[in-house]
Amino acid sequence: MAKLQPVRGTHDLIGDDARAHLAIAGTAREVAERYGFGPMATPIFEFTEVFKRTLGDTSDIVTKEMYTFEDKGGDSLTLRPEGTAGVARAFISGGLQNELPLKCFYHGPMFRHERPQKGRQRQFHQFGVELIGVAEPSADVEVIAMAADILDALGVLSETTLELNTLGDAPSKERYRAALVEYFSDLSDKLSDDSRDRLVRNPLRILDSKDAGDRALIADAPDFDDYMTEEAAAFFAAVQDGLDTVGVAYTRNPHIVRGLDYYSHTAFEFTTEALGAQGTVLAGGRYDGLIETMGGPKTAGVGWAAGIERLAMMTGEAPALPRAITLIGLGDAGEREALRLSSELRHAGLTVELIYKGGLKRGLKRADRIHAAAAVLIGDDELARGAATVRDLDSGEQVDVAITDLKDHLAAHR
RNA sequence: GUGGCUGUAGCUCAGUUGGUUAGAGCGCCUGGUUGUGGUCCAGGAGGCCGGGGGUUCAAGUCCCCUCAGCCACCCCA
């Protein structure tokens with residue numbers, strides 16, 4: 001900590017950045033509520049065990065990216081790297097089994113100790129949704145449709161592609177995994193170092209490799225569709241059919257893999273070319289095994305999470321705020337009247353910027369800087385006639401308005 | 001965790017083969033205007049040249065270390 005600077009990979013959100021952030025979470029929330037989802041907020045840290053058990057011991061997140069520390073009571077705690085585990089834990093410890101289906105959304109910071117780059121920070125924010133307790137493919141469809149609606153409401157849907165895949169059920173996964181390991185083991189000396197490592201840790205990941213040599217081998221690798229059980233295939237067909245029904249476009253990408261162990265069946269990502277290497281803007285899938293793994297009753301679930309910083313890079317500026325009215329009081333009596341008026345006008349719903357000191361010139365300068373619509377001047381002259389001078393800051397025109405008429409007069413400047 | 005690029009004023013950036021007091025534009029402040037912003041004119045403030053060490057008579061400039069940012073790998077939102 002040589003200097004007073006933010007911790008690596010963290011960022012302050014100031015002004016327009018903070019506003020864009022709130023706007024994204026706000027529109028996501030509006031859409032989610034239209035789908036009948038409600039808010040849920042779980043703690044930012046949990047017992048380390050919560051993440052270890054849910055994310056799987058082989059995932060990168062658990063093995064090298066968690067912010068884990070011991071608290072004063074000697075417990076091992078971890079800053080949440082993602083949101084689903086906390087929701088699942090709350091589902092179990094809060095006894096929410098009787099309230100199925102549980103439909104919730106959340107929003108907040110997540111923490112992962114990664115090397116920062118574009119679209120990747122150590123503290124970042126996600127908006128996510130979970131639909132727990134519905135095993136039917138219609139749940140997958142609904143949740144994906146909501147994601148598309150949110151991206152659309154943010155004006156970025158057309159810049160993204162929905163990539164869809166199925167990981168199948170447990171028997172499908174096992175058979176396919178075995179087939180892949182067999183196929184790639186024979187070619188092991190031709191694989192990249194990374195992929196050789198993946199072969200033991202997470203063979204499915206090889207399919208996603210960017211290495212040119214790997215890609216050539218992948219082309220002839222076994223096809224998952226040949227290893228799917230009938231049930232898994234039927235489920236995936238139903239999801240695709242549902243998406244067609246609600247008019248959500250997608251492309252099949254058989255190489256989409258989830259990094260976290262708890263996923264099965266549907267896996268999807270909304271990706272974009274606009275963000276460089278970190279092109280995934282929203283991703284999720286079905287996690288029917290998760291809650292049971294954590295020691296709860298066997299319960300189905302689907303959900304996704306979106307990266308707010310990544311979305312913000314695509315949406316640009318937040319929608320404009322209503323322009324303010326600037327109140328400038330001159331002299332003791334004028335300042336007092338300006339203060340009184342600020343309260344009255346705000347209660348009437350106007351956005352009011354009160355000038356605290358510095359006289360007329362500074363007041364107008366300030367008004368100009370915040371792009372106010374009008375300035376109201378109140379000095380001894382005005383007070384003497386029970387009026388105020390209202391200056392339109394675009395045209396420069398000034399009119400005399402009785403103080404009692406100000407509220408109505410200014411409503412036009414909103 | 002690995003590799004590449006980059007750190008000079010609040011911001012964007014110049015700074016010659018190492019050579020006197022480190023510059024510009026924008027922004028900010030003051031005045032021109034005792035009650036009139038945005039334009040214009042005049043003036044002003046603001047820099048451990050990311051930090052530490054080294055080479056040299058001399059380092060913003062060369063070397064090493066370190067921190068941070070960016071880009072890619074990896075991973076993922």
Side-chain angles (χ1 to χ4, degrees), chain A residues 1-11 14 24 28 55 58-65 80-84 107-128 147 160 192-195 197-198 201-202 205 208-211 214 256-260 268-272 275-284 303-314 326 328-331 334 355 358-382 389-398:
Chain A
M1 200 176 57
K3 262 167 75 173
L4 216 45
Q5 61 186 183
V7 173
R8 183 169 204 199
T10 67
H11 281 284
I14 298 171
I24 288 166
L55 304 183
T58 62
S59 73
D60 276 30
I61 291 183
V62 168
T63 54
K64 45 196 188 198
E65 295 177 3
R80 64 182 184 193
E82 57 98 44
T84 304
H107 162 227
M110 305 293 165
F111 307 85
R112 265 125 86 158
H113 190 104
E114 299 181 277
R115 183 119 166 213
Q117 70 179 74
K118 186 175 187 179
R120 191 164 83 181
Q121 301 161 217
R122 291 186 172 179
Q123 176 176 338
F124 62 102
H125 297 77
Q126 287 186 337
F127 181 94
T160 67
S192 66
D193 292 349
D194 279 333
S195 284
D197 186 45
R198 286 188 269 241
R201 286 187 37 225
N202 191 351
R205 267 256 115 81
D208 213 13
S209 173
K210 288 177 187 171
D211 184 87
D214 289 350
I256 286 190
V257 176
R258 289 277 72 111
L260 312 180
F268 61 93
E269 296 183 3
F270 284 84
T271 59
T272 179
L275 259 37
Q278 312 299 318
T280 302
V281 108
L282 183 154
W304 52 256
I308 296 194
E309 283 83 356
R310 290 184 186 179
L311 287 171
M313 286 191 278
M314 298 180 74
T326 304
I328 307 172
L330 301 167
I355 300 301
L360 184 52
K361 197 181 173 89
R362 282 175 75 103
L364 282 169
K365 254 189 144 71
R366 167 81 183 160
D368 189 55
R369 188 183 322 198
I370 65 167
H371 195 52
V376 177
L377 324 180
I378 304 150
D380 293 341
D381 297 354
E382 285 83 358
T389 299
V390 176
R391 180 179 178 88
D392 183 301
L393 290 170
D394 292 329
S395 66
E397 282 169 26
Q398 297 193 171

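Lettering follows sequence order; numbering is per chain, from 1.
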Could you go through the side-chain hydrogen bond (donor to acceptor under 3.5 Å, both in side chains) check for A:Glu269 and A:Thr280 one step at a time? CA-CA 6 Å; A:Glu269 296 183 3; A:Thr280 302; 3.2 Å; yes

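- Among the atoms of the strands shown, none is found under 4.0 Å from any heavy atom of A:Leu311.
- Between the side chain of A:Arg120 and the base of B:rC75, at least one donor-acceptor pair of N or O atoms lies under 3.5 Å.
- Looking at heavy-atom distances under 4.0 Å, A:Arg112 makes contact with a base.
- Computed from coordinates, the A:Phe127 CZ to B:rC76 C1' distance equals 19 Å when rounded to whole Å.
- A gap of 31 Å separates the C1' atoms of B:rG53 and B:rA72, to the nearest Å.
- With no hydrogens or angles considered, no side-chain donor-acceptor pair links A:Ser192 and A:Asp211 at under 3.5 Å.
- Closest-nucleotide positions on RNA chain B for A:Thr280 and A:Val7 were compared, and the one nearer the 5' end corresponds to A:Val7.
- Side-chain polar atoms of A:Gln398 and A:Thr389 form no donor-acceptor pair below 3.5 angstrom.
- When heavy atoms are screened at a 4.0 angstrom cut-off, A:Gly9 is found touching the sugar-phosphate backbone but no base atom.
- Looking at heavy-atom distances under 4.0 Å, A:Asp208 makes no contact with the nucleic acid at all.
- A:Ala305 comes within contact range of the sugar-phosphate backbone alone, with a heavy-atom separation under 4.0 Å but no base atom that close.
- The CZ atom of A:Arg362 sits 12.0 Å away from the CD1 atom of A:Ile328 when rounded to the nearest 0.5 Å.
- Contact annotation for A:Gly119: base contact, defined as any heavy-atom pair under 4.0 Å involving a base atom.
- Among the atoms of the strands shown, base atoms are found under 4.0 Å from some heavy atom of A:Gly396.
- With values rounded to the nearest 0.5 angstrom, A:Arg310 atom CZ is found 9.5 Å from A:Gln121 atom CD.
- For B:rG69, the OP1/OP2 oxygens have a side-chain nitrogen or oxygen of A:Arg8 closer than 4.0 Å.
- To the nearest angstrom, C1' of B:rC75 lies 15 Å from CD1 of A:Ile256.
- Comparing A:Phe124 and A:His113 by the nucleotide of RNA chain B that holds the closest heavy atom to each, the one mapping nearer the 5' end is A:His113.
- Close to B:rC28, at under 4.0 Å from its OP1 or OP2, lies no side-chain N or O of A:Arg366.
- Below the 3.5 angstrom threshold, one finds a donor paired with an acceptor across the side chain of A:Asp368 and the base of B:rG37.
- For RNA chain B, if you chain together Watson-Crick or G-U pairs that step i with j, i+1 with j-1 and so on, the runs of at least three with distances under 3.5 Å are B:1-7 with B:67-73, B:10-13 with B:23-26, B:28-32 with B:40-44, B:50-54 with B:62-66.
- Contacts of A:Glu309 with the nucleic acid, taken as non-hydrogen atoms under 4.0 Å apart, are absent.
- Here A:Asp381 lies in heavy-atom contact (under 4.0 Å) with a base.
- Side-chain atoms of A:Gln117 stay outside donor-acceptor range of the base of B:rG69, with no qualifying N/O pair under 3.5 Å.
- Between the side chain of A:Arg391 and the base of B:rG35, no donor-acceptor pair under 3.5 Å is found.
- When rounded to the nearest whole Å, the span between NZ of A:Lys210 and P of B:rC74 equals 5 Å.
- Counting any heavy atom pair closer than 4.0 Å across all strands shown, A:Asp197 reaches no nucleic acid atom.
- Contact annotation for A:Lys361: base contact, defined as any heavy-atom pair under 4.0 Å involving a base atom.
- Below the 3.5 angstrom threshold, one finds a donor paired with an acceptor across the side chain of A:Arg310 and the base of B:rC76.
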